[in-house]
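Being a predicted model, the structure only gives us computed values, none of them experimental. Heads up: numbering here begins at 1 and tracks the sequence.
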Amino acid sequence: FTIAIILFLFVRTFLVEAFKIPSGSMEKTLLVGDFLLVNKMVYGAEIPFTGKHLPAIRHPQRGDVIVFQWPLDPTKNFVKRLVGVPGDTLYMKSGELYVNGEHQNERYVTHSEPDMDPTAVDFEWQKKYLVKTAEAATGVPSRNNWGPLVVPKDEYFVLGDNRDNSLDSRYWQFVPDSLVRGRPMFVYYSYDPDSLDRMSWLTRIRWTRIGERVR
């Protein structure tokens, strides 16, 4: 039993960890009620109580779906898509993302409220990172119109695939490299939680999603 516990803790800490999707910010890529297995080795697992990481197999790349600790509250884990790496210049026009001046063909993106473009004081942080180019947004930055911003060294810019319903880097800045925890591999279990049935975890299983790779 002791050996089993030690092996479990080793695997969970350095190799693979399970996560559950609690919100719809990554729909349709990930759904509420999806359970993921996350590869912690690929970006270098954190060594407990040291703040240091093991050597990474590779660094996070643009387009990766990543799990990370929320910069405003590291006790919470978020799952988003990495759209900007250090040195990238990003901006958005009418909900369309541009990276280093090139429009991104993001087939995985969904828009639940395409006719709305709210502004908020949360976007004010962007003014510090604005660069002056012909594409610079005018007026107050909003959910669908902002930038251009340059991603700082050792940090990343992340967005949810459900662009109109995602709390992401547009609102709370960049994700430090040190907070990245891993990359989801596949969905090992999934059920529809939108049910009054107490046994929905058993009766509302999404069989077609089990084993689906996260891309």
Side-chain angles (χ1 to χ4, degrees), residues 19-36 62-73 76-85 88-131 133 135-151 155-175 184 187 190-196 200 204 206 208-209 212 214-215:
F19 290 88
K20 178 185 176 183
I21 300 299
S23 73
S25 68
M26 284 294 290
E27 294 179 346
K28 301 177 181 176
T29 306
L30 299 172
L31 304 180
V32 178
D34 281 352
F35 289 74
L36 313 175
R62 200 183 303 119
D64 286 356
V65 177
I66 63 174
V67 174
F68 57 92
Q69 294 168 279
W70 187 27
L72 301 187
D73 183 357
K76 298 179 180 179
N77 294 308
F78 276 28
V79 181
K80 304 290 181 185
R81 190 175 297 274
L82 194 160
V83 300
V85 298
D88 280 348
T89 299
L90 311 174
Y91 67 91
M92 187 173 280
K93 277 188 176 181
S94 301
E96 298 292 320
L97 180 66
Y98 293 78
V99 179
N100 299 325
E102 296 185 3
H103 176 260
Q104 304 299 295
N105 181 21
E106 302 177 292
R107 292 171 293 179
Y108 39 76
V109 167
T110 61
H111 292 278
S112 55
E113 300 175 345
D115 297 327
M116 299 179 61
D117 187 23
T119 61
V121 294
D122 298 322
F123 300 123
E124 293 299 312
W125 69 269
Q126 297 181 8
K127 294 180 179 180
K128 178 181 177 182
Y129 296 92
L130 281 176
V131 293
T133 68
E135 298 84 5
T138 58
V140 179
S142 62
R143 185 189 69 190
N144 299 336
N145 294 276
W146 48 265
L149 310 172
V150 177
V151 182
E155 298 192 277
Y156 303 108
F157 196 95
V158 297
L159 294 173
D161 287 354
N162 185 353
R163 292 291 158 82
D164 302 339
N165 185 28
S166 175
L167 183 64
D168 48 40
S169 285
R170 291 173 292 185
Y171 298 86
W172 38 257
Q173 304 191 35
F174 308 97
V175 177
V187 178
S190 181
Y191 77 101
D192 184 0
D194 295 330
S195 171
L196 298 178
S200 60
R204 307 277 297 229
R206 301 187 186 109
T208 57
R209 291 194 62 76
E212 184 171 323
V214 178
R215 296 182 175 88

Restricting to non-hydrogen atoms, name the atom on [X] and the atom on [Y] that form the minimum distance, rounded to 0.1 Å.
| X | Y | value |
| --- | --- | --- |
| T119 | S142 | CG2-CB, 3.5 Å |
| Q69 | N77 | CG-OD1, 3.8 Å |
| D168 | V158 | CB-O, 3.4 Å |
| V83 | L97 | CB-CD2, 3.8 Å |
| F123 | R170 | CD2-O, 3.2 Å |
| V79 | P184 | CG1-CG, 4.4 Å |

Is [Y] close to [X] at the side-chain level, that is, under 4.5 Å between some pair of heavy atoms?
| X | Y | value |
| --- | --- | --- |
| L149 | W125 | yes |
| V65 | M26 | yes |
| P148 | V131 | yes |

D34/R209 salt bridge by N-O under 4.0 Å criterion: yes

Can we say R163 and E96 salt-bridge, meaning some charged N sits less than 4.0 Å from an Asp/Glu carboxylate O? no

A cation-pi test, strictly: NZ or CZ of R215 under 6.0 Å from the centre of the six-membered ring of Y108 and no more than 45 degrees from its axis. Yes or no? no

Atom pair [atom1]/[atom2] of [X] and [Y] - distance to nearest 0.5 Å:
| X | Y | atom1 | atom2 | value |
| --- | --- | --- | --- | --- |
| T89 | N100 | OG1 | CG | 5.5 Å |
| S112 | D164 | OG | CG | 4.5 Å |
| N145 | K93 | CG | NZ | 9.0 Å |
| M116 | H111 | CE | NE2 | 14.0 Å |
| I66 | L82 | CD1 | CG | 4.5 Å |
| D117 | M92 | CG | CE | 10.0 Å |

Mind running side chain to side chain donor-acceptor pair (under 3.5 Å) on N162 and S25 for me, showing each step along the way? CA-CA 5 Å; N162 185 353; S25 68; over 6 Å; no

Any chance you could lay out the side chain to side chain contact (heavy atoms under 4.5 Å, CB included) test for L36 and V214, step after step, and finish with the verdict? CA-CA 9 Å; L36 313 175; V214 178; 4.2 Å; yes

Check whether any side-chain N or O of [X] sits under 3.5 Å from a backbone N or O of [Y] as a donor-acceptor pair, and report yes or no.
| X | Y | result |
| --- | --- | --- |
| Q104 | E102 | yes |
| R81 | G63 | yes |
| K80 | L167 | yes |

Check each of F68, W146, W172 against F157 using the ring-ring contact (aromatic ring centres under 6.0 Å, His included) test, and report the only one that passes. W146

From the options E212, R206, K20, R204, select the one residue that forms a side-chain hydrogen bond (donor to acceptor under 3.5 Å, both in side chains) with S190.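 Of the listed options, the one satisfying the test is R206.
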
Does the pair Y156 and F174 meet the rule for a ring-ring contact (aromatic ring centres under 6.0 Å, His included), with working shown? CA-CA 5 Å; Y156 303 108; F174 308 97; 9.9 Å; no

Between T29 and D161, do the side chains contain a donor N or O and an acceptor N or O under 3.5 Å apart? yes

